Amino acid sequence: VIALYAITDRAGADLPRESLREVAVGGVAAVFARTEAAADVTPEALWTHEEVVEDLMRCRAVLPMRFGTRFRDEGAVLDLLSARGGEFARVLDGVRGRVELGVRVAGEAAAPVAKPSGGSDYMTQRLAARREAQRVARAVHAPLARRAERSTADLAPARGGVLTGSYLLPGDGVDAFAADVRRLQRAYPSLAITCTGPWPPYSFVEESPR
Amino acid sequence: MSADLVSGQRDIALVDLVDRLLDKGVVLTGDITLSVANVDLVYVGLRALVSSVATAEREGVPLPRSAT
């Protein structure tokens with residue numbers, strides 16, 4: 001089978017690994033490797049996949065695939081490019097030269113409250129704490145979103161915390177964005193703000209709404 | 001991500017890596033074989049995440065707390 005890494009904006013002699021192959025339709029190429037193995041989800045496998053996509057991103061615009069995407073053969077990949085190449089080309093235009101940064105905000109958004117005297121008191125406190133968490137999350141997200149060309153924000157992350165955000169910005173905008181994150185961390189010392197990246201544009205692989 | 005940025009912790013980066021590779025990126029449907037669309041794989045992914053969180057906490061890195 002074929003393990004697909006990314007859709008890129010051109011084919012060429014610059015594939016960063018010997019194991020990589022590509023097929024192209026029009027100006028859009030799909031980069032893949034042949035494999036017999038099932039997609040084994042280990043940190044090492046994820047990092048290896050990530051490194052391949054990052055190497056590609058150094059010389060091309062990329063749309064990273066979700067990990068584990070497998071095709072039967074090259075013909076199936078060609079069918080995909082024939083059917084959706086125009087859409088991929090438009091999305092690639094939107095991410096060319098851009099990188100994604102991830103921001104995760106954890107910690108106590110609300111000040112400690114008095115021990116609740118009863119059930120309804122408890123619920124009132126819970127609601128107030130949630131509102132405060134969302135207020136703080138928006139206050140952190142807003143200036144970062146202004147710095148970014150596009151952004152996503154999850155104000156109730158499934159894994160806890162008060163904000164998980166992704167931000168698409170030009171490759172030369174990373175330092176200014178990181179400075180913003182540090183400034184926000186100083187402004188909200190009770191929160192733990194972590195920023196990771198630059199990533200390939202995993203969160204921005206769909207056409208942006210007009 | 002290859003370069004250290006604000007937080008240099010590879011374990012924190014792993015949390016974000018898992019979120020991106022298993023939950024984002026281009027999703028293909030239709031005449032295509034997707035090998036990740038099953039419960040087992042998501043479960044293994046979360047287990048990798050949990051172990052990375054444990055490592056980070058041992059090293060004193062602040063991480064999101066799990067929801068109550």
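Below, chains carry the letters A, B, ... as their sequence lines are ordered, and counting in each starts from 1. A quick note: this is a predicted structure, and the numbers were derived from the prediction, not measured. Hydrogens, waters and symmetry mates play no part in the numbers below; they use all other heavy atoms, side chains included.
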Is the shortest side-chain heavy-atom distance between A/Ile7 and A/Val62 below 4.5 Å?
no

Name the member of A/Pro64, A/Pro201, A/Ala83, A/Ala156 that forms the most heavy-atom pairs with chain B at distances under 4.5 Å.
A/Pro64

Contacts of type side chain to side chain contact (heavy atoms under 4.5 Å, CB included), residue A/Ala45, not counting sequence neighbours
A/Thr42, A/Phe67

Against chain B, label A/Glu100 side chain, backbone, both or neither, depending on which of its atoms sit under 4.5 Å from a heavy atom there.
side chain

Please check if the distance between the ring centroids of A/Phe177 and A/Tyr167 is under 6.0 Å.
yes

Test your reading of the model: is there a side-chain donor-acceptor pair from A/Arg72 to the backbone of A/Val1, 3.5 Å cut-off?
no

Please classify the contact between A/Leu4 and chain B as side chain, backbone, both or neither, with a heavy-atom cut-off of under 4.5 Å.
side chain

Whatever's closer than 4.5 Å to a heavy atom in chain B on A/Phe204 counts as neither

